[in-house]
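Report on the following structure.
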Amino acid sequence: MADEDELDRLLDKLTLRARVRLVTGATTWRTTAEPDLGLRQLVLSDGPAGVRGEGWDERDTSVLLPSASALAASWDERLVEEVGGLLASEARRKGVHVVLAPHLNLHRTPLAGRHFECFSEDPLLTGRMGAALVRGIQTHGVAATAKHFVANDAETDRLTVDVRIDERTLREVHLAPFEAAVAAGVRLVMAGYNQVNGTTMTAHSLLTTPLKDEWGFDGVVVSDWGAVRGTRDTARAGLDLQMPGPAEEWGDSLVRAVEAGEVEESAVDDKVRRLLRLATWSGVLGRPHPATRPPLRSRRARALARRAAAAGTVLLANRGVLPLDPGRLRTVAVIGAPAARTRTQGGGSAGVFPQDEVSLLDGIRAGLRGRARIVHVPGPAPEGPPPPLDMVLCSDPITTAPGVRLRILDASGAELHAEHRRGGRQLEPPLPPGAHTVEISAHLHPRTSGTWRIGLAGFGRLGIDLDGRPLLDGEFTTPTDDPAVIHVSPPTQTVTTRLTAGTTALLVARRELAPGTGRATVVGAAPDGPGRTESLAAASRAAREADAAVVVVGTGEQDEAEGRDRPHLALGPDQDALVRAVARANPHTVAVVNSGGPVELPWRDEVGALLLAWFPGQEAGGGLADVLLGRTEPGGRLPTTWPARLTDAPVTRTRPEAGRLTYDEGVHIGHRGWLRARRAPAYWFGHGLGYTTWDYEELTGPPETPAGEDLTVGVRLRNTGNRAGREVVQVYLHRPGPTSVDYPERWLAGWTAVHAEPGGTVVARVCVPARSLCHWDVHAGGWRTEPGPCQVLAGRSAGELPLTLEVRVRDRT
Ligand code: BGC
């Protein structure tokens, strides 16, 4: 740990300019070194689904874990801690000191673009999962970052939106997960892009109160990338580090502001002290720490990623179809485009480049190898832009190796740089001086004849030629300042052409580099496939002839990404028709949903079983096969309430009005809002089936509990099925009226998981923390517990709570 006197001594050695240099980033991912102090650069990297490192392309591969919603669906803190340990070893392997995770914003609306990156709609579940990830990462000497502080729950106008939110809602709902992360010792907090009640978060007083003074956070508040817009207001507030750098808002401008007396020097000193404290903790100041976590051997990392994928898989419905019995299967039809091209992660800064990915199809194939024949039918072509070129479809026109050729050209078209690359997604191409155009070329080797879609994503002047024939030539301007859209997921321009199987076509895509057009250039291609009627007929046929069918549907490439919210939750008429056609053809149909967040499932009562695979990470297929074949139970329980239709959801607005987004729902987020509105969702928060059944028999606890103390209750349940199983026992609270406080109808107050053999009885002890019985009293400016009756409810979801216990909350006096 840092010796505070030593930090002061170091601080005294630095001029003002040197101090400011330390708190202004040096590069996109690094802070500034100060050799005179023995201080090296800190390297920061995204998170949360893997550690990308400083590179942003397929040469710098990372283990890709399930997205945060999938992890939270496990309701398993020990697993999340293990995942944190894996992130730490990835960080160590890549020379990263700070992982930009966990993401602690909430599922306020199902339309949020980064829904998949957040754990849950519930502050307690989010807080406990976030704290577990922090512990897991930091135990191994790598710092974690709680982001994005605070109320950054949607993407629309995220750089400017002014979130209007009352104090009690802030404290009880949106700040609560950050408070839990600070209690877990998180070393950094990231201030978001948004405003709260009229002040941008990088200049907000919340960075001081409650974060630093009340909660005692002694780490570093780092800005979200590019979120600092002014010098004085941000420097005077609790922000400690501007990222990325070099940057104008701090740097020399901050030196001048201090010299002019506009910013207290002591404010800068406090920031530097925090940075040095973090540097000491991270081993970049003074003697480097020995690596406490060697890189995890790839086999162990993959095994954990696979276990995590299975643990988050939620079985929403099962009409006697799952688990599949491999002994009875001769043919299995695996249907749907995402089966073969599984969407393993969402879009945006969380993205990493895994070395290998096991698609759901490959996982099922491996699981049934030697036992059953697998027939794959893709179904109608997915909507949205074609996926990036890959090594299967194309080869480098110069070397003929699988992949593409990347060239950087000057204004006259002369080559400045050329290299072979594995895929068509280029986010940070090398740009030598004089760089004018990025060119990606490839020989396409189509396996099917017909209409193909070719896509080019990026901003500025774009061109596509096929065998010398121009297919696209136009200027596409940047409609936003959002770095995630500009640099990571720009929109795609799509053209169509005919290609013939067995022939080769030369594709050349070019993007001119102009200021403000970002760094991303992405080329993709995909066949249109047979028409809808034909592909549905082929899917039905395959399903009919099989002993069981697995139909996979999901969201498209450009849905569920940072920088934009979703316009709707529909999978689209083709995918809905596909599931219906398959389910009609075979009653043993398992529908698998490959999406990061809620989608409408209008056919949910027509399928034999319904599984949510989420964005499952690189070991998608293995994890799913384990669940389908009953090698493991589907461990997941919904971390968010799943609407039948978007219009049923209590909160859907993501678009600010006159710049403001008002959190009208107050403390009634997620299931609380559904309960208050007396609406029934498709599936309640907490819902998820295993492969056995349970009877909830008895709920016991004290008749009285003193305010301010934790309460422990016991829930006795019996495994009534014929398999051993795990059950997530959930406890909710309700305050019967009349009360002076606007309590939620009920709210999650605790949970624990239990295991039992068939016929076995087990007692789950669930701790209800004292805080769960408190509300934030705005008049007193503190937490308060109202004495009086309280109902404790226990069961398996927010909508299925068979046991009730009356407990009287007693004043402590
Ligand atoms: C995102 C952060 C991310 C940062 C660095 C921002 O656009 O909001 O979550 O850590 O970029 O990539």
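Atoms within a ligand are numbered from 1 in the order they appear, just like the ligands themselves. Quick note: residue numbers are just sequence positions, from 1. Quick caveat: nothing in here was measured; it's all calculated off a predicted structure.
With respect to K147 and D46, a salt bridge is recorded, a charged nitrogen being found less than 4.0 Å from a carboxylate O. Salt-bridge annotation for K94 and D60: present, with a side-chain N of the basic residue lying under 4.0 Å from a carboxylate O of the acidic one. A salt bridge between R425 and E58 is absent, with no side-chain N of the basic residue lying under 4.0 Å from a carboxylate O of the acidic one.
Sorted by chain then number, the residues whose non-hydrogen atoms approach ligand 1 to under 4.0 Å are W29, D46, L100, R114, K147, H148, R158, M190, Y193, D224, W225, S349, E562.
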Hey, can you pull the donor-acceptor pairs under 3.5 Å for the side chains in residues 219-226, sequence neighbours left out?
from, atom 1, to, atom 2, distance (Å)
S223, OG, M243, N, 3.0
S223, OG, M243, O, 3.1
W225, NE1, T28, O, 2.9

Assess the residue pair F119 and W614 against the criterion (ring-ring contact (aromatic ring centres under 6.0 Å, His included)); give the C-alpha distance rounded to whole Å, side-chain angles, the decisive distance to 0.1 Å, and a yes or no.
CA-CA 12 Å; F119 287 115; W614 309 101; over 10 Å; no
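When only modelled atom types and interatomic distance are considered, S282 and H97 share no side-chain donor-acceptor pair under 3.5 Å.
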